[in-house]
Amino acid sequence: GAGVSQTPSNKVTEKGKYVELRCDPISGHTALYWYRQSLGQGPEFLIYFQGTGAADDSGLPNDRFFAVRPEGSVSTLKIQRTERGDSAVYLCASSLTEGGYGYTFGSGTRLTVV
Amino acid sequence: RKEVEQDPGPFNVPEGATVAFNCTYSNSASQSFFWYRQDCRKEPKLLMSVYSSGNEDGRFTAQLNRASQYISLLIRDSKLSDSATYLCVVLPGGYNKLIFGAGTRLAVHP
């Protein structure tokens with residue numbers, strides 16, 4: 001596709017449930033990033049993939065969060081035992097190269113944990 | 001202390017006004033700098049990169065002061081369509097993750 005696609009656009013889940021958020025990057029972009037944005041805050045880095053491997057997962061808040069990118073394209077962010085504090089917009093971005101340039105963000109998944 | 005700090009605003013200005021936003025960053029090894037724009041309930045989009053020599057794109061001018069670890073954005077002749085949140089963004093040296101400030105909200109009124 002022309003842009004970064006994220007599904008679902010909205011997700012409401014009950015506390016304690018498991019959720020998966022999907023990101024389909026721009027074709028050919030080897031770098032993929034997940035960010036989380038809470039209300040009134042800027043996006044906060046979660047994890048960065050270069051190809052299939054997680055090159056930097058230092059932003060994942062705890063072991064309930066996990067992300068994969070098995071074929072170096074689509075990525076899935078997985079959250080176990082969701083908590084109300086996980087409610088946020090989860091943004092995915094991809095870029096052709098490293099170094100901060102050429103980032104394109106998807107429109108995000110708005111996660112609400114009730 | 002946050003890595004990137006911005007005045008949250010809001011800045012309420014009339015059309016045609018000139019408005020300036022400032023941002024400070026804490027990591028002196030930061031190597032790349034950007035301003036992003038984010039409309040309400042939308043994703044962030046790159047407005048412009050910021051270079052040490054300063055750079056201009058139409059009504060927008062960005063400046064970087066590495067010694068003071070300070071970045072600025074100047075918007076001249078404000079338009080209603082400039083109403084948005086402006087995010088100051090830094091790439092720390094040796095990393096591939098962007099660090100975002102919390103954003104400065106701009107509201108341009110008729």
Side-chain angles (χ1 to χ4, degrees), chain A residues 2-7 9-10 21 23-26 29-51 53-60 67 88-112, chain B residues 1-10 21-27 29-51 55 57 62 64 71 73 84-107:
Chain A
V4 177
S5 175
Q6 290 189 246
T7 54
S9 55
N10 281 283
L21 312 179
C23 173
D24 198 343
I26 291 173
H29 280 195
T30 56
L32 184 146
Y33 311 81
W34 283 99
Y35 286 79
R36 177 170 71 173
Q37 187 171 23
S38 300
L39 195 63
Q41 300 299 314
E44 175 189 22
F45 171 79
L46 295 177
I47 187 169
Y48 156 57
F49 286 91
Q50 183 56 246
D56 183 352
D57 64 358
S58 61
L60 294 177
V89 176
Y90 289 80
L91 293 162
C92 176
S94 70
S95 66
L96 190 57
T97 60
E98 300 176 340
Y101 292 91
Y103 261 56
T104 300
F105 279 90
S107 55
T109 293
R110 183 172 300 275
L111 176 67
T112 304
Chain B
R1 182 187 171 192
K2 291 185 178 179
E3 289 191 67
V4 179
E5 298 211 53
Q6 298 182 247
D7 180 343
F21 304 140
N22 303 319
C23 162
T24 57
Y25 60 95
S26 60
N27 186 340
S30 296
Q31 59 185 34
S32 300
F33 308 88
F34 310 90
W35 282 101
Y36 273 69
R37 171 193 169 127
Q38 186 170 28
D39 293 297
C40 189
R41 299 179 78 87
K42 299 286 189 182
E43 71 274 21
K45 292 185 179 176
L46 178 66
L47 179 65
M48 58 197 304
S49 303
V50 188
Y51 304 112
N55 50 299
D57 183 1
L64 167 64
I71 306 163
L73 177 68
T85 295
Y86 291 83
L87 298 160
C88 178
V89 187
V90 169
L91 182 75
Y95 292 94
N96 283 293
K97 56 186 179 185
L98 296 180
I99 306 298
F100 287 79
T104 298
R105 202 150 56 87
L106 172 66

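Below, read A as the first sequence line, B as the second, and so on, with proteins coming before strands; counting in each chain starts at 1. The basis for the numbers below is simple: all heavy atoms, side chains too, and nothing from hydrogens, waters or symmetry mates.
With a 4.5 Å cut-off on non-hydrogen atoms, A/Ser58 touches chain B through its side chain but not through its backbone. For B/Thr85, no part sits under 4.5 Å from any heavy atom of chain A, backbone or side chain. With a 4.5 Å cut-off on non-hydrogen atoms, B/Arg105 does not touch chain A at all. There is no contact between B/Gln31 and chain A, counting heavy-atom distances below 4.5 Å. The contact between A/Tyr48 and chain B is made entirely by side chain atoms (from C-beta outward), counting heavy-atom distances below 4.5 Å. Neither the backbone nor the side chain of A/Gln50 has a heavy atom closer than 4.5 Å to any heavy atom of chain B.
Of the listed residues (A/Gly108, A/Ala31, A/Gly106), the greatest number of heavy-atom pairs within a distance under 4.5 Å of chain B belongs to A/Gly106. Contact count against chain A (heavy-atom pairs under 4.5 Å) is highest for B/Leu98 among B/Leu98, B/Leu91, B/Ile99.
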Carefully, step by step, assess B/Glu43 and A/Gln6 under the rule side-chain hydrogen bond (donor to acceptor under 3.5 Å, both in side chains). CA-CA 11 Å; B/Glu43 71 274 21; A/Gln6 290 189 246; over 6 Å; no
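Checked against the 6.0 Å centroid threshold, A/Tyr35 and B/Phe100 count as a close aromatic pair. Between B/Phe34 and A/Tyr101, the gap from one ring centroid to the other is short of 6.0 Å.
Here CG of A/Leu46 is found 10.5 Å from NZ of B/Lys97. Values are rounded to the nearest 0.5 Å.
What you find for B/Leu87 and A/Gly42 is that their closest heavy atoms are CD2-CA, 4.2 Å.
Contact check for B/Pro44 versus A/Leu91: side-chain heavy atoms found under the 4.5 Å cut-off.
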